[in-house]
Q: 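Input: one structure, supplied below.
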Amino acid sequence: MNDTPHPAPDALDAFGRPLLILPNDEVTVELDGTERLVLRAYDGNTRHAVPLRHVRSITANPHVTFSGAALDACARRGIAITFVDGRQKRRAFFFPLATNPLQIATLLSFALDDPDWPERYGAWYENHRLGALSRVALACGLLPDAALRRAPDIALEASHRRKHGQPGHEWIAALREIVLTEFMADGSRWLGTQGSAWRAETWMHLLEELGEIVALHAHAVFHLAHKPLQHPPQRWALAAYHAERTRWQNETVRLLYAFEHFIRENWT
């Protein structure tokens, strides 16, 4: 970042955008009177200012300091903050929760026992799956239309074939596996270890199902990659995952927070 404040972009998607605070930026994040997050250097100069409504998530280095007012505002708006080191390894995580003190695992147990769970969850899941599919389709040069919704695999494979000469099944599958593994690990830590063995198995199945939404983005990463077929699938997938680590973190946070909001909204 330079020392000149940056205006917010004119065109933002409906969910806002991630705010990235680079490793060499040692700043304080404050909240001003107009509901903007202001990044100030330690000499007091403003480095960047962005309205809260334009922020979806924040990824920051460990040297960034957040004011109490800024943290509270992020919590109110559901903005997650991830702290990563110079190697992009996650060091800490600020995950906004509702004020209800019940743990999410307890509420999820209530939800799973509710006869209305299949219908409510099914509608919520399909809505978020279609939202992710639409973003992936646009990245692959496709329109998110009825044809895509009817047969997404066929449409995406055709798009990959036009660009790379083949649908890239092995490359996409390798990346999806890494994404799902990481999502399951994050989701398990988020849920905790409450409940009986059969409940834990149910939760793992649920997390795997949720992870499939995030893993859809493997299609976009493969499609936009430069000559991915020149590399072995596993090697390419590992490199692609690490190169797009911020994307996976943001998508994971976005989905888990939305799922928690869904649970708390319906079963508290």
Side-chain angles (χ1 to χ4, degrees), residues 13-20 55-60 71 73-84 88-112 114 117 120-136 175-195 199-218 220-221 241 244-268:
D13 62 62
F15 297 96
R17 292 178 176 173
L19 174 62
L20 307 179
V55 178
R56 182 176 72 207
S57 63
I58 300 173
T59 301
L71 285 176
C74 289
R76 284 188 285 104
R77 285 186 170 266
I79 299 171
I81 304 172
T82 303
F83 292 92
V84 297
Q88 293 298 295
K89 185 175 181 180
R90 185 162 44 194
R91 292 300 184 187
F93 194 58
F94 173 81
F95 192 83
L97 297 175
T99 56
N100 192 307
L102 289 177
Q103 294 187 15
I104 183 62
T106 303
L107 293 177
L108 184 53
S109 293
F110 295 158
L112 290 170
D114 188 334
W117 163 261
R120 291 186 185 183
Y121 169 69
W124 177 91
Y125 183 89
E126 186 63 9
N127 180 56
H128 283 269
R129 187 188 70 84
L130 290 176
L133 181 61
S134 294
R135 297 196 299 275
V136 169
L175 180 55
R176 286 181 68 260
E177 185 63 30
I178 297 173
V179 172
L180 280 172
T181 298
E182 293 297 311
F183 182 90
M184 294 283 287
D186 287 337
S188 297
R189 287 190 291 269
W190 169 71
L191 271 179
T193 57
Q194 299 181 27
R199 183 68 87 188
E201 183 177 350
T202 300
W203 290 349
M204 291 303 100
H205 176 75
L206 179 64
L207 285 175
E208 185 174 8
E209 194 171 49
L210 291 173
E212 292 288 352
I213 294 179
V214 176
L216 277 171
H217 292 272
V221 172
Y241 179 82
E244 296 281 345
R245 183 171 293 178
T246 299
R247 172 201 286 265
W248 305 121
Q249 289 176 341
N250 288 338
E251 293 297 338
T252 296
V253 169
R254 180 184 196 167
L255 186 61
L256 288 179
Y257 180 78
F259 183 65
E260 176 162 353
H261 180 74
F262 163 69
I263 295 297
R264 292 185 183 277
E265 186 176 46
N266 287 278
W267 285 280
T268 55

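Throughout, numbering of the chain's residues begins at 1 and tracks the sequence.
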Q: Quick check: closest heavy atoms across C74 and I81, and the distance to 0.1 Å?
A: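 Nearest pair, atom of C74 first, then I81: SG-CD1, 4.2 Å.
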Q: Between CG of L216 and CG of L130, what distance do you get to the nearest 0.5 Å?
A: 10.0 Å
Q: Over 60° means perpendicular and under 30° means parallel, so tell me whether W267 and F262 are parallel, tilted or perpendicular.
A: perpendicular
Q: Could you tell me which non-hydrogen atom of I263 sits nearest to which non-hydrogen atom of A111, and how far apart they are?
A: CD1-CB, 4.2 Å
Q: In Å and rounded to the nearest 0.5 Å, what is the CD to CZ distance from E265 to R120?
A: 10.0 Å
Q: Using the side-chain contact (heavy atoms from CB on, under 4.5 Å) rule, take R129 and E212 through it: C-alpha gap first, then chi angles, then the decisive distance, then the call.
A: CA-CA 9 Å; R129 187 188 70 84; E212 292 288 352; over 6 Å; no
Q: Ring centres of W124 and F259 under 6.0 Å apart?
A: yes
Q: Hey, are R264 and E260 close enough for a salt bridge, meaning a charged N less than 4.0 Å from a carboxylate O?
A: yes
Q: Search all heavy atoms of A215 against all heavy atoms of R176 and return the closest pair with its distance.
A: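 Looking at all heavy atoms of both residues, the closest pair is O-CG, 3.7 Å.
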Q: How many angstroms lie between atom CG of L210 and atom NE2 of H128, to the nearest 0.5 angstrom?
A: 10.0 Å
Q: Verify side-chain contact (heavy atoms from CB on, under 4.5 Å) between V221 and R247, making sure each step is shown before the conclusion.
A: CA-CA 10 Å; V221 172; R247 172 201 286 265; 3.7 Å; yes
Q: Taking all atoms of both residues into account, what is the closest heavy-atom pair of E208 and M184, and its distance?
A: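 Closest approach of E208 to M184, heavy atoms only: N-SD, 3.3 Å.
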Q: Any idea which heavy atoms bring G187 and L256 closest together, and the distance?
A: CA-CD1, 4.4 Å
Q: Do you know which two heavy atoms are closest between A220 and V136, and how far apart they sit?
A: N-CG1, 4.1 Å
Q: Test side-chain contact (heavy atoms from CB on, under 4.5 Å) on Y125 and L206 and set out the steps.
A: CA-CA 11 Å; Y125 183 89; L206 179 64; over 6 Å; no
Q: Measure the CD-CD distance between E177 and E182 for me, rounded to the nearest 0.5 Å.
A: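 Between E177 CD and E182 CD, I get 11.0 Å after rounding to 0.5 Å.
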Q: F110 versus N266: any side-chain heavy-atom pair under 4.5 Å?
A: no
Q: To the nearest 0.5 Å, tell me how far T59 OG1 sits from R245 CZ.
A: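 Here the interatomic distance stands at 11.5 Å.
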Q: Could you tell me how the ring of H261 sits relative to the ring of Y257: parallel (under 30°), tilted (30 to 60°) or perpendicular (over 60°)?
A: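 The arrangement is parallel - the two ring planes meet at less than 30°.
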Q: Look up atom OG1 in T202 and atom CG in L207, then write down how far apart they are to the nearest 0.5 Å.
A: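 Rounded to the nearest 0.5 Å, the OG1-CG separation comes to 11.0 Å.
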Q: So do D114 and Y121 actually touch side chain to side chain, heavy atoms under 4.5 Å?
A: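 SC-SC contact between Y121 and D114 ruled out.
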Q: Between F183 and L255, is the side-chain contact (heavy atoms from CB on, under 4.5 Å) condition met? List the steps.
A: CA-CA 10 Å; F183 182 90; L255 186 61; 4.1 Å; yes
